[in-house]
Amino acid sequence: MPTRRAVTGRSREPRARFAEELRNLRTERGESLRQLGERLGWDWSLFGKMEKGETVGGPEVVQALDQYYGTPGLLLAMWELAINDQTQFKERYRRYMALEAEATSLWHFAVSVLPGLLQTPGYAREVLAAGGSKGEALEQQVEARMGRRELLVGDDSPPFRTIVSEAVLRMPLRDVAEWRGQLKYLGELGARENVTLHVLPFSAGPYGLDSTAVMFLRLPDGRTVAYTENAYRGDLIEANQPVDRLQRAYDAVRDLALSPAESRKFVLSLLEEVRCDPST
């Protein structure tokens with residue numbers, strides 16, 4: 001049996017390899033992105049982003065491409081490798097941060113931890129330390145997170161709406177003084193014109209986003225993208241269909257939440273319940 005030759009000139013990184021394969025399959029057919037979009041019924045700009053490696057799309061569109069190109073299961077397998085590639089998590093987050101900086105409005109749901117935009121230094125430090133950060137790296141992360149808060153307090157700050165699960169507010173910091181400071185800061189932010197705070201009470205019962213923290217960004221070109229996150233990874237979602245599904249779930253949760261006025265009262269009542277540090 002002859003020795004197999006290695007295929008050279010192709011990326012070994014899963015996300016880049018997936019994007020390259022998509023480009024090759026389309027160009028071999030001599031089709032433009034617009035033609036591909038028309039034939040499959042998807043926005044052609046999505047295929048452009050996928051071929052540039054800006055997004056990997058969702059399983060529905062990849063399955064449609066597999067069927068169209070006659071590559072049953074191949075593209076879906078490559079997609080699974082690309083979306084689970086650990087080396088891409090930081091890159092996706094960097095891209096998310098760039099989009100966040102230019103967003104014209106933001107919506108967020110907090111399932112277990114307050115969003116970074118609303119955190120005090122003490123809260124950020126304890127949460128990041130619990131995730132394994134320490135020493136100089138920890139302080140650098142705290143400083144970077146505090147820098148992000150400027151997004152909400154400038155003269156031209158974008159509108160920001162957050163729904164915070166009551167579970168987030170029932171999980172205090174170990175340092176009582178820092179926890180009081182965090183609750184006080186939340187109350188102050190809730191009074192700002194550009195910040196809308198909702199609390200989702202336990203009494204609301206089960207809800208659709210019970211395991212997903214998500215941020216939606218409305219971009220200057222009118223698009224909305226989503227970023228979902230857990231303790232170990234984050235995913236930037238740009239394809240229209242999954243973003244729409246997440247938005248519908250978000251709207252349903254907002255209908256269950258307390259009004260902004262009730263939510264601010266809830267936060268301030270928690271602040272009153274937290275004992276004062278005897279040393280102060």
Side-chain angles (χ1 to χ4, degrees), residues 15 18-19 22 36-68 73 75-85 88-89 92-93 95-97 99-100 102-113 115 117 158-165 167-168 196 198-200 204-257:
R15 190 183 182 98
F18 177 61
L22 293 176
L36 179 62
E38 291 173 351
R39 288 166 186 171
L40 289 184
W42 259 278
D43 184 347
W44 65 270
S45 65
L46 170 61
F47 297 119
K49 293 183 179 70
M50 292 172 70
E51 291 185 11
K52 291 177 183 177
E54 295 177 0
T55 181
V56 294
E60 301 95 340
V61 68
V62 178
Q63 287 174 329
L65 287 167
D66 254 335
Q67 183 176 356
Y68 182 69
L75 291 178
L76 190 59
M78 295 181 71
W79 174 84
E80 290 175 349
L81 289 173
I83 203 168
N84 288 298
D85 179 24
Q88 291 304 312
F89 297 162
R92 281 199 291 270
Y93 188 65
R95 174 162 169 73
Y96 163 75
M97 292 291 290
L99 293 174
E100 181 184 83
E102 65 180 66
T104 58
S105 59
L106 308 91
W107 307 272
H108 177 268
F109 173 66
V111 66
S112 59
V113 178
L117 291 172
F160 177 74
R161 181 186 299 274
T162 185
I163 306 171
V164 178
S165 168
V168 176
T196 303
H198 296 276
V199 173
L200 180 68
Y207 53 93
L209 292 175
D210 58 355
S211 61
T212 305
V214 60
M215 176 78 88
F216 297 96
L217 307 177
R218 176 65 60 83
L219 303 178
D221 62 6
R223 291 185 302 126
T224 298
V225 301
Y227 187 79
T228 60
E229 190 173 39
N230 59 34
Y232 301 101
R233 62 175 289 169
D235 284 306
L236 180 63
I237 302 170
E238 299 184 72
N240 291 337
Q241 288 183 327
V243 171
D244 287 344
R245 284 199 298 271
L246 283 169
Q247 283 188 298
R248 288 195 294 272
Y250 182 89
D251 289 343
V253 170
R254 186 177 60 185
D255 290 343
L256 297 171

Excluding sequence neighbours, so at least two apart, what forms side chain to side chain donor-acceptor pair (under 3.5 Å) with Glu100?
Tyr96, Arg148
Measure the shortest side-chain to side-chain distance between Trp79 and Leu75 over non-hydrogen atoms and say whether it is less than 4.5 angstrom.
no
Can you name the residues that form a side chain to side chain donor-acceptor pair (under 3.5 Å) with Thr104, not counting sequence neighbours?
none
Can you name the nearest heavy-atom pair linking Leu200 to Ala204, along with the distance?
CD1-CB, 3.7 Å
Measure the CG-OG1 distance between Leu219 and Thr224 for me, rounded to the nearest 0.5 Å.
7.0 Å
One should read off an interatomic distance between Met78 CE and Phe18 CZ, to the nearest 0.5 angstrom, of 7.0 Å
Results of side chain to side chain contact (heavy atoms under 4.5 Å, CB included) for Pro115 - residues two or more places apart only:
His108, Ala110, Leu118, Phe160, Thr162
Pro158 and Ala103: which non-hydrogen atoms are nearest, and at how many Å?
CB-O, 3.8 Å
What closest approach, in Å, do Phe47 and Gly37 show between heavy atoms, and which atom pair accounts for it?
CE1-CA, 3.7 Å
Between Ile163 and Ala257 the two heavy atoms that sit nearest each other are CG2-CB, 4.1 Å
List for me each residue that meets salt bridge (Lys or Arg N to Asp or Glu O under 4.0 Å) alongside Glu60, sequence neighbours excluded, and say none if there are none.
Arg245
To the nearest 0.5 angstrom, please state how far the CD atom of Glu238 sits from the CG atom of Leu217.
10.0 Å
Apply side chain to side chain donor-acceptor pair (under 3.5 Å) to Ser165 and list each qualifying residue two or more places apart in sequence or on a separate chain.
none
Decide side-chain contact (heavy atoms from CB on, under 4.5 Å) for Thr55 and Leu46; before the verdict, give the C-alpha distance in whole Å, the side-chain angles of both, and the deciding distance to 0.1 Å.
CA-CA 8 Å; Thr55 181; Leu46 170 61; 4.1 Å; yes
So which heavy atom on Val62 is nearest to which on Val56, and how close?
CG2-O, 4.0 Å
Residue set satisfying ring pair (Phe, Tyr, Trp, His ring centres under 6.0 Å) with Phe109, at least two apart, ordered chain then number -> Tyr207
Pairs involving residues 211-222, ordered by first then second residue, that meet salt bridge (charged side-chain N to carboxylate O under 4.0 Å, His left out) (sequence neighbours left out):
Asp221-Arg223
Would you compute the distance between atom OH of Tyr250 and atom CZ of Phe216 and round it to the nearest 0.5 angstrom?
7.5 Å
Salt bridge (Lys or Arg N to Asp or Glu O under 4.0 Å) with Arg39: which residues, sequence neighbours excluded?
Glu31
In this structure, CG of Asn240 is separated from CD of Gln247 (nearest 0.5 Å) by 9.5 Å
Output all residues satisfying salt bridge (Lys or Arg N to Asp or Glu O under 4.0 Å) with Asp251, sequence neighbours left out; order by chain, then residue number.
Arg254
If the condition is side chain to side chain contact (heavy atoms under 4.5 Å, CB included), which residues does Ala213 pass it with, not counting sequence neighbours?
Val111
Looking at every heavy atom in both Gly73 and Asp66, which two are closest together, and how far apart are they?
N-OD2, 3.2 Å
Pairing residues for Thr212 by the side chain to side chain contact (heavy atoms under 4.5 Å, CB included) criterion, not counting sequence neighbours
Leu209, Val214, Thr228
Of all residues at least two apart in sequence or in a different chain, which pass the side chain to side chain donor-acceptor pair (under 3.5 Å) check with Asp244?
none
Could you check whether atom CD of Gln67 has more than 12 heavy atoms from other residues, nucleotides or ligands sitting under 6.0 Å from it?
no
